[in-house]
Amino acid sequence: MARKLCLLLVPLLLGLMAGPALAQATSTTTPFHGVTEEFVDVNPCTGDPATIQLTYNGVFHESTGADGSVHVTGTQTGTIVLTPLDPTLPTYTGRFTVWFGDNFNSSGTVGFWFTLRVKATGSDGSQLVFNLVEQFHISATGEVTVELSKLNCR
């Protein structure tokens with residue numbers, strides 16, 4: 001009887017000991033090139049509705065820790081064409097860069113960071129330059145502990 005019990009427990013104990021060793025950190029990186037998106041939104045500096053076309057390259061990276069934590073980050077950079085729905089307003093063409101990052105730790109807290117920079121020239125020679133920074137954190141209980149959104153237009 002003791003021998004049968006031992007034969008049953010050995011695989012179980014080995015499995016329990018191997019569990020932490022099997023929970024290894026992983027990492028993936030995914031580049032992308034020549035992506036084009038088009039959507040309707042607003043010029044963040046004026047509020048005027050516009051069709052926005054983006055063409056960009058970027059990279060997406062995800063790391064998972066042995067403790068179950070996850071870190072995600074990505075960058076996109078490319079060209080932007082902002083065409084107001086009101087044809088009397090200038091169309092802007094230029095460059096943009098987006099960066100974001102997320103952290104999900106094993107205790108259940110979440111952190112998110114986002115930045116966007118656009119520099120474009122209008123069909124009338126005007127400039128559209130803006131930076132957007134956003135950040136928020138959520139505790140393991142679901143409480144928002146940090147919330148920030150700042151837009152700077154020049």
Side-chain angles (χ1 to χ4, degrees), residues 15-154:
L16 290 174
M17 291 186 326
L22 294 175
Q24 297 179 7
T26 62
S27 179
T28 60
T29 300
T30 307
F32 42 92
H33 302 281
V35 177
T36 298
E37 294 182 42
E38 187 172 290
F39 52 92
V40 175
D41 203 337
V42 297
N43 177 329
C45 296
T46 65
D48 296 320
T51 299
I52 300 170
Q53 183 183 59
L54 306 174
T55 301
Y56 57 90
N57 299 324
V59 65
F60 180 81
H61 180 78
E62 179 180 356
S63 298
T64 303
D67 64 352
S69 62
V70 177
H71 176 73
V72 176
T73 185
T75 303
Q76 301 167 315
T77 189
T79 60
I80 182 170
V81 178
L82 186 144
T83 307
L85 299 184
D86 178 349
T88 65
L89 297 174
T91 294
Y92 290 93
T93 58
R95 307 258 328 143
F96 80 97
T97 299
V98 170
W99 175 88
F100 69 89
D102 295 307
N103 282 316
F104 307 90
N105 71 26
S106 57
S107 68
T109 59
V110 176
F112 173 79
W113 299 265
F114 173 86
T115 64
L116 168 63
R117 174 161 170 76
V118 171
K119 184 174 183 183
T121 302
S123 54
D124 63 353
S126 63
Q127 294 288 305
L128 174 64
V129 179
F130 67 88
N131 296 294
L132 173 64
V133 176
E134 294 186 334
Q135 178 180 4
F136 69 87
H137 296 203
I138 301 172
S139 71
T141 62
E143 176 188 0
V144 175
T145 58
V146 174
E147 186 171 10
L148 166 79
S149 182
K150 182 170 179 153
L151 174 66
N152 180 5
C153 293
R154 297 193 278 150

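One is the number of the first residue; the rest follow in order along the sequence.
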* To do: Go through Asp48 and Leu85 one step at a time and tell me if the side chain to side chain contact (heavy atoms under 4.5 Å, CB included) criterion holds.
  => CA-CA 8 Å; Asp48 296 320; Leu85 299 184; over 6 Å; no

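- Relative orientation of the Phe60 and Phe100 rings is tilted, given thresholds of 30° and 60° on the angle between their planes.
- With hydrogens and angles ignored, the 3.5 Å screen pairs a side-chain donor or acceptor of Asn57 with a backbone N or O of Gly34.
- In this structure, the side chains of Val118 and Ile80 come closer than 4.5 Å at one or more pairs of heavy atoms.
- Residue Ile52 forms a side-chain contact (heavy atoms from CB on, under 4.5 Å) with just one option from Leu82, Val42, Asn43, and that option is Leu82.
- Between the CD atom in Gln53 and the CD atom in Glu38 there is a gap of 5.0 Å [rounded to 0.5 Å].
- Looking at Thr97, its side chain never comes within 3.5 Å of a backbone N or O of Arg117 through a donor-acceptor pair.
- Heavy-atom minimum distance, Thr145 versus Ser139: CG2-CB, 4.1 Å.
- Proximity of a side-chain donor or acceptor of Thr77 to a complementary backbone N or O of Phe96 within less than 3.5 Å is detected.
- Gln127 places a side-chain heavy atom less than 4.5 Å from the side chain of Thr121.
- Atom CZ of Phe104 sits about 9.0 Å away from atom CD1 of Ile138, to the nearest 0.5 Å.
- Here CH2 of Trp99 is found 13.0 Å from CD of Gln76. Values are rounded to the nearest 0.5 Å.
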* Asked: Taking it one step at a time, do Tyr92 and Ser126 satisfy side chain to side chain contact (heavy atoms under 4.5 Å, CB included)?
  -> CA-CA 8 Å; Tyr92 290 93; Ser126 63; 2.9 Å; yes

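- Atom NZ of residue Lys150 and atom CG of residue Leu132 lie 11.5 Å apart, to the nearest 0.5 angstrom.
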* Please walk me through it: do Asn131 and Thr115 pass side chain to side chain contact (heavy atoms under 4.5 Å, CB included)? -> CA-CA 7 Å; Asn131 296 294; Thr115 64; over 6 Å; no

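- Residues Thr91 and Val81 have side chains in contact (heavy-atom distance under 4.5 Å, counting atoms from C-beta outward).
- Residue Ser123 comes nearest to Pro90 through the heavy atom pair OG-CA, 3.4 Å, listed as atom of the first residue, atom of the second, then distance.
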* **Residues Leu128, Cys153; criterion side chain to side chain contact (heavy atoms under 4.5 Å, CB included); working and verdict** => CA-CA 8 Å; Leu128 174 64; Cys153 293; 5.9 Å; no

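- Rounded to the nearest 0.5 angstrom, Leu151 CG and Glu134 CD are separated by 9.0 Å.
- Between the side chains of Ser63 and His61, a donor-acceptor pair is found at a separation under 3.5 Å.
- Taking the six-membered ring for Trp and thresholds of 30 and 60 degrees, Phe136 and Phe112 have ring planes inclined between 30 and 60 degrees apart.
- Scanning for ring pair (Phe, Tyr, Trp, His ring centres under 6.0 Å) contacts around Trp113 gives His137, with sequence neighbours left out.
- Of the N and O atoms on the side chains of Glu62 and Ser27, not one donor lies less than 3.5 Å from an acceptor on the other residue.
- The two residues Ala50 and Pro84 have their closest heavy-atom pair at CB-CA, 3.7 Å.
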